[in-house]
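What follows is a short report on a single structure.
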Protein chains: 2
Amino acid sequence: MMDRFLSNAINKVDKKGRVSIPASFRPVLGDQGRLYTLAAIDQPAIEAGGPQLVERGEQQLAQMDPFSTEYELYSFVLHGDSDHLNVDGEGRIILTDNIREHTGIDDKVAFVGRGYFFQMWEPERFKAYREEAREKVAEMRRNRQAMTGGKFSADKEQGGG
Amino acid sequence: MMDRFLSNAINKVDKKGRVSIPASFRPVLGDQGRLYTLAAIDQPAIEAGGPQLVERGEQQLAQMDPFSTEYELYSFVLHGDSDHLNVDGEGRIILTDNIREHTGIDDKVAFVGRGYFFQMWEPERFKAYREEAREKVAEMRRNRQAMTGGKFSADKEQGGG
DNA sequence: TGGGCAAATTTGGGCGTCAATGGAATCTTC
DNA sequence: GAAGATTCCATTGACGCCCAAATTTGCCCA
């Protein structure tokens with residue numbers, strides 16, 4: 001079984017503010033009935049996952065200079081903007097006001113797999129950011145090719161894999 | 001048994017959105033009943049293969065600075081634009097909306113072997129790109145000969161078409 | 001070399017199960 | 001008791017799994 005969050009999906013929010021977590025994400029969370037969330041720093045998105053989400057943030061904190069401004073701010077955001085939501089019997093969560101404010105989410109949520117966590121975006125913003133990300137990654141690749149060689153020549157396959 | 005994806009084939013999409021993976025590709029996938037896919041960056045194509053497909057990208061990620069913008073963008077594209085599809089008893093997958101959007105695929109899929117992975121294209125776009133690729137390869141070869149003065153050694157073409 | 005049979009592949013559907021969604025009923029909290 | 005939350009149940013459509021038909025490919029033998 002796959003042990004990370006992949007792919008993306010857009011689900012609806014009902015009158016009571018509930019959304020289904022995509023079924024493919026549920027086993028990765030471990031069916032613990034609880035979802036940890038954290039406001040993304042540079043993006044209007046919420047990061048979510050199992051307990052590892054917060055633990056990982058704390059590991060990153062541990063690598064920072066505890067007397068730096070970055071440490072103070074990151075610690076503040078990490079703990080202050082995080083939350084844990086209950087997952088109901090149908091795999092749904094209830095969006096909080098904090099989540100709505102930070103993301104602009106109204107009646108639809110884009111769930112985006114990010115490996116060891118996933119994100120929740122307002123769908124239009126997600127699409128815009130994705131487009132931007134694709135272009136920049138394409139540019140990154142072009143720059144690397146300019147250094148290493150041509151497009152087609154570099155495409156030799158290798159056996160194993 | 002052959003351990004790479006070679007050759008190409010065009011298969012039909014049925015009413016339920018299913019396509020057969022070419023039988024010659026199946027043993028390379030390892031009959032795991034699951035196919036990993038990833039939107040190609042520079043092309044309207046989907047890349048597909050076993051779990052190594054995503055793992056390869058993650059190895060590249062692991063070499064990058066986790067706090068850099070490049071890391072964030074690449075991680076976003078790698079995980080958010082990838083997917084894993086179930087393969088049914090007859091070796092078919094169900095195309096997702098994301099795949100249709102990215103490729104323009106409607107009722108036919110061109111499967112193109114690329115060595116350790118394969119691609120799925122809308123057939124007309126595939127043919128156009130193949131033609132373009134052939135021309136560029138020919139031009140590159142001419143340029144290289146002009147530089148080295150030497151004759152290009154045995155560069156066999158893939159039977160293709 | 002060509003015909004024809006056998007096997008494998010591709011394609012088409014039926015149907016039960018699960019996921020996504022909507023809503024009612026029960027609880028909790030203040 | 002009111003507002004919000006949790007649990008339970010119903011509906012609809014998508015997906016998984018099974019089986020069958022139609023093609024295509026491979027192979028054997030004349």
Side-chain angles (χ1 to χ4, degrees), chain A residues 1-2 5-37 48 83-101 105-113 118 120-121 123 126, chain B residues 1-2 5-37 48 83-101 105-113 118 120-121 123 126 159 161:
Chain A
M1 167 57 69
M2 179 47 112
F5 300 100
L6 291 182
S7 179
N8 65 83
I10 296 175
N11 285 348
K12 281 200 287 188
V13 181
D14 69 19
K15 296 172 196 167
K16 295 161 78 170
R18 298 176 300 187
V19 236
S20 286
I21 298 170
S24 66
F25 286 7
R26 264 117 78 166
V28 189
L29 283 175
D31 296 318
Q32 300 178 359
R34 204 168 255 129
L35 181 72
Y36 291 85
T37 65
D83 210 338
H84 52 93
L85 309 178
N86 292 327
V87 181
D88 74 16
E90 279 71 43
R92 290 178 288 197
I93 53 172
I94 298 184
L95 298 178
T96 64
D97 288 344
N98 282 336
I99 291 179
R100 287 176 204 282
E101 281 172 27
I105 286 171
D106 177 27
D107 64 344
K108 285 190 175 64
V109 180
F111 291 84
V112 184
F118 66 87
M120 293 186 282
W121 288 73
F126 160 61
Chain B
M1 171 55 70
M2 184 62 69
F5 300 101
L6 293 178
S7 174
N8 63 81
I10 295 176
N11 285 347
K12 282 200 286 187
V13 181
D14 69 19
K15 296 174 198 165
K16 294 164 82 170
R18 298 175 299 188
V19 235
S20 285
I21 298 170
S24 65
F25 287 6
R26 264 116 80 168
V28 188
L29 284 175
D31 294 319
Q32 299 177 1
R34 209 165 254 133
L35 180 73
Y36 291 84
T37 66
D83 213 334
H84 51 98
L85 310 179
N86 293 326
V87 181
D88 73 16
E90 281 70 43
R92 290 176 289 195
I93 54 173
I94 298 185
L95 298 178
T96 65
D97 289 343
N98 282 332
I99 291 179
R100 287 176 208 281
E101 281 173 27
I105 286 172
D106 177 28
D107 63 345
K108 286 190 175 63
V109 180
F111 291 84
V112 184
F118 66 87
M120 293 186 282
W121 288 74
F126 161 60

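So you know, we letter chains A, B, ... as the sequences are listed, proteins then strands, and number each from 1. Just the heavy atoms: all of them, side chains too, but no hydrogens, waters or symmetry mates, feed the values below.
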Report the distance from atom [atom1] of [X] to atom [atom2] of [N], rounded to the nearest whole Å.
X	N	atom1	atom2	result
Asp97(B)	dA20(C)	CG	C1'	15 Å
Leu29(A)	dA19(C)	CG	P	14 Å
Asp14(A)	dT11(D)	CG	C1'	15 Å
Ile94(A)	dT28(C)	CD1	P	16 Å
Lys15(A)	dA20(C)	NZ	C1'	16 Å
Leu95(B)	dA14(D)	CG	C1'	14 Å

### Message
For Arg34(A), is the CZ atom crowded, meaning more than 12 foreign heavy atoms sit under 6.0 Å from it?
### Response
no

#### Entry: Along DNA chain C (nearest heavy atom to each residue), the more 5'-positioned of Lys16(B) and Lys12(B)
Lys12(B)

### Query
If you pin Ile21(B) and Asp88(B) to their nearest nucleotides in DNA chain C, which one's is more 5'?
Ile21(B)

May I ask you to say what [X] touches in the nucleic acid, namely base, sugar-phosphate or nothing, with a heavy-atom cut-off under 4.0 Å?
X	result
Ile93(A)	nothing
Asn11(A)	sugar-phosphate
Ile10(A)	nothing

Please determine whether any donor N or O and acceptor N or O are separated by less than 3.5 Å between the side chain of [X] and the base of [N].
X	N	answer
Glu90(B)	dC19(D)	yes
Arg92(A)	dG22(C)	yes
Arg18(B)	dG16(D)	no

### Query
Between Leu85(B) and Ile99(B), does a side chain to side chain contact (heavy atoms under 4.5 Å, CB included) hold up when you go through it step by step?
CA-CA 11 Å; Leu85(B) 310 179; Ile99(B) 291 179; 4.0 Å; yes

### side-chain contact (heavy atoms from CB on, under 4.5 Å), paired with Ile93(A), selected from Met120(A), Arg18(A), His84(A)
Met120(A)

## Note on the structure
For Asp83(A) and Thr96(A), the nearest pair of non-hydrogen atoms, with its separation, is OD2-CG2, 4.0 Å

### Nearest heavy-atom neighbours spanning Asn11(B) and Ser20(B)
ND2-O, 2.8 Å

#### Entry: Distance test, side-chain N/O of Asn86(A) to OP1/OP2 of dA5(D), below 4.0 Å
no

